[in-house]
Amino acid sequence: MRTILIAAALLIAACFAYMKLTANGVERAAGQLSYIPADTAMLAVQLEPLELAHYLQQLQGQLSPQDAQHTVTMLTALLSTSDTNSGHFFAALLEQFQHLLKQPEHMAERTGIKQEFRGLFYLVGLSPVSRFELADEQAFWRFFDRIEQQSQLWHQAEELHGVAYRRYTLSSLNGHNLDLLVSSRDGWGTLVLTSSGFDSAHHAEALAIHKPVDALSWKKSITPLTKRYQLDEASFGMLSSAELFKAITSNNQNRLARDLHALFGDELSVTLADWRTPGCQADTAAIAANWPGIYFDNQLNKQPASSRVLIASSDKTAMASLRQLRGFIAPHIQQPTGDNLLQFGLGLNVGQLLPTIGELWSATVHASFQCKPLTEVQMALETSNPLAAMAMVAMGGSIKGLSLSIHDVQIDPATHMPTAVDALVSLSADNAHSLLHSLMMLAPNQLDIELPEQGVAVELNELFPMAAAYGLAPKLLLARDHALIYQGEQATQQAKVLAGTALSQNGMLHFGLNYARLFGVLADSMATAGMDLPDDLASIKDNPYQLDLSLDIEAQGIAIESRMYLDAKAD
């Protein structure tokens, strides 16, 4: 699992690690932006120079050499089993990436890519296009020469409208070749994954030789989106619902639809026949208007590095319903994780869960659709009303949220049990005292337990002796809106503050993790128990890496924000 996550992180970092784009940066790159078609289904840009060597050094700090070596070895072995040289080609690319990760200061001389990196990623129909600024075009070609020598996959030299490029044939797909096109022109390198089934005009646009007739207008299309969704224009990326739906419901409404038809022809039309009707086109257009897509930005040259992803929605009724679910997250949970091992906060207005799900379910099953696949989904939903299965939720209707923060844990090497814990668990609800009484009614053997008065802290072991068996001595404090269980100096201070904090709807989810501290404790615990320490765990505990992640419902969509401290310390 960890290997898969590392591989995914490498891919994401390579494709979507995009920085702040200033107004000047947009102007300087206007000529390159004009090669992006207006109907692209996916787009990501990075045009303010990113210090690539510095970023890769930080990435190297997150992923140990053993991790990278293991991942590359696994993927290389997998790719090398291919019957063609294309597998060896990608294996060689992975190995070169590993070398560059170890020595990022040599990036420019080994690849020709500028150390102050700028780049674009977008789709021309079905073809992914990656473009980046070059410092040395000859070094760029030498890089691919080495890949060829290592993989024995040789290019075909071709020319289109006077521009030379290389074609690497990777495999076949439905009677057509799957090709990688590589070119360098006007100081920019271009990589295109495409098909021989597409015409020369398609390849000319993908290789940035000709501009599309209907090019993306940055100022008219993208700038308004970034302002509307509070995203950084400089690092903007998107996935368009409208363009994806057009490809499903037609064979010619955009370049993506035409490309799919060129590759799969009538076979795909038969498969998607139920979707390719005027009714489905109208219904999906309406859905896309309400849920236009996913939009994101990143800022990686700041500390902390941050990103924001918005699943955008203009459905005011649905968003108003979802916002009713927002609950209370303890304020200290929403602060940076810092030296804490772990913190987690869930804000959920349980009292609104049933009515909100009921509203959304009813709106979905009673929506007027002409599209057969959508009406079939409605019929399936009608027979599986979720409300009855959630009747028990009503008993916890006053709950507004819960949180956990672990500041420190020390393990006794002799007993392998915690000798000291600094942690706080909180349950937030309207009249928390009454809620606990109600919950205890569900456990008849606990009815004789007398809960403390509001505002009075008691030893939890006096009420529930089981905690003492684990070497813990937590306290229980019931405030008006919070039930608090805590132990340790820092947790005690936080409990006192939280006890006097009024409830509010301030979020849905917050998660924080200090890799070095948390996995350091786990490693020490395993070591004292005489267990062999896995290499993966040993490498994680030395990573100076800290993550804070939050999810919230905003007026214009579902927002996910992350902050990554790449040089956080364990102590």
Side-chain angles (χ1 to χ4, degrees), residues 12 15-16 18 20-21 38-45 121-123 216 218 220-248 283-299 305-329 334 345-349 352-353 355-364 367 369 374 377 381 401 504-511 547-564:
I12 293 169
C15 294
F16 300 108
Y18 294 105
K20 182 179 179 182
L21 175 61
D39 65 353
T40 185
M42 186 174 183
L43 164 71
V45 299
F121 177 85
Y122 53 93
L123 293 181
L216 181 71
W218 192 271
K220 292 182 180 179
S221 299
I222 303 303
T223 300
L225 285 174
T226 59
K227 291 180 178 179
R228 182 187 311 162
Y229 297 130
Q230 301 176 9
L231 294 166
D232 189 343
E233 182 179 0
S235 57
F236 179 81
M238 70 174 186
L239 180 65
S240 170
S241 298
E243 301 303 333
L244 293 176
F245 278 135
K246 288 177 184 178
I248 295 172
D283 288 344
T284 56
I287 292 173
N290 281 332
W291 296 89
I294 300 174
Y295 304 95
F296 61 89
D297 67 4
N298 294 283
Q299 295 185 28
S306 64
S307 68
R308 173 177 164 85
V309 178
L310 182 74
I311 303 172
S313 176
S314 59
D315 188 334
K316 295 182 179 180
T317 301
M319 297 316 300
S321 295
L322 288 174
R323 283 180 63 82
Q324 294 179 43
L325 294 177
R326 298 175 77 240
F328 176 80
I329 298 178
Q334 295 179 312
L346 174 65
L348 182 62
N349 188 351
Q352 287 296 323
L353 193 58
T356 296
I357 291 177
E359 290 173 8
L360 296 175
W361 180 82
S362 179
T364 302
F369 290 134
L374 295 179
V377 172
L381 287 175
S504 63
Q505 287 185 293
N506 63 357
M508 285 206 74
L509 178 70
H510 188 100
F511 174 79
L547 170 69
D548 283 287
L549 178 72
S550 63
L551 181 148
D552 203 357
I553 307 296
E554 300 182 354
Q556 299 191 90
I558 303 170
I560 303 170
E561 297 185 359
S562 66
R563 290 158 296 283
M564 297 168 286

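Each salt bridge (charged side-chain N to carboxylate O under 4.0 Å, His left out) pair with one or both residues in residues 306-315, not counting sequence neighbours, appears once here: Arg308-Glu554, Arg308-Glu561. Sorted by first and then second residue, the salt bridge (charged side-chain N to carboxylate O under 4.0 Å, His left out) pairs involving residues 236-247 (not counting sequence neighbours) are Glu243-Lys246.
When all heavy atoms are compared, the tightest approach of Thr40 to Tyr122 is OG1-CB, 4.0 Å. The two residues Ser550 and His510 come nearest to each other via the heavy atoms CB-ND1, 3.8 Å. Closest heavy-atom contact between Ala41 and Leu244: CB-CD2, 4.1 Å.
At distances below 3.5 Å, not a single donor-acceptor pair connects side-chain atoms of Ser362 with backbone N or O atoms of Glu359. Distance alone, capped at 3.5 Å, is enough to place a donor-acceptor pair between the Ser313 side chain and the Asn290 backbone. Not one N or O on the side chain of Ser235 forms a donor-acceptor pair closer than 3.5 Å with the backbone of Asp297. A donor-acceptor pair under 3.5 Å is absent between the side-chain atoms of Ser221 and the main chain of Leu216, judged by distance alone. For Gln556 (side chain) and Arg228 (main-chain N/O), a donor-acceptor pair under 3.5 Å exists by modelled atom type. No donor-acceptor pair closer than 3.5 Å links the side chain of Ser562 to the backbone N or O of Leu547.
Taking 4.5 Å as the limit, every side-chain heavy atom of Asp232 sits out of range of all side-chain heavy atoms of Thr226. In this structure, the side chains of Phe328 and Asn506 come closer than 4.5 Å at one or more pairs of heavy atoms.
Expressed to the nearest 0.5 Å, how far CD1 of Ile553 lies from CG of Leu509 amounts to 10.5 Å.
Ring geometry, Tyr229 versus Tyr295: the interplanar angle falls under 30°, so the pair is classed parallel (tilted spans 30 to 60°).
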- Task: Using the side-chain contact (heavy atoms from CB on, under 4.5 Å) rule, take Leu231 and Phe296 through it: C-alpha gap first, then chi angles, then the decisive distance, then the call.
- Result: CA-CA 7 Å; Leu231 294 166; Phe296 61 89; 5.8 Å; no
- Message: Is there a side-chain contact (heavy atoms from CB on, under 4.5 Å) between Ile222 and Val45? Walk through the geometry before answering.
- Response: CA-CA 11 Å; Ile222 303 303; Val45 299; over 6 Å; no
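No side-chain donor-acceptor contact under 3.5 Å links Thr356 and Ser321.
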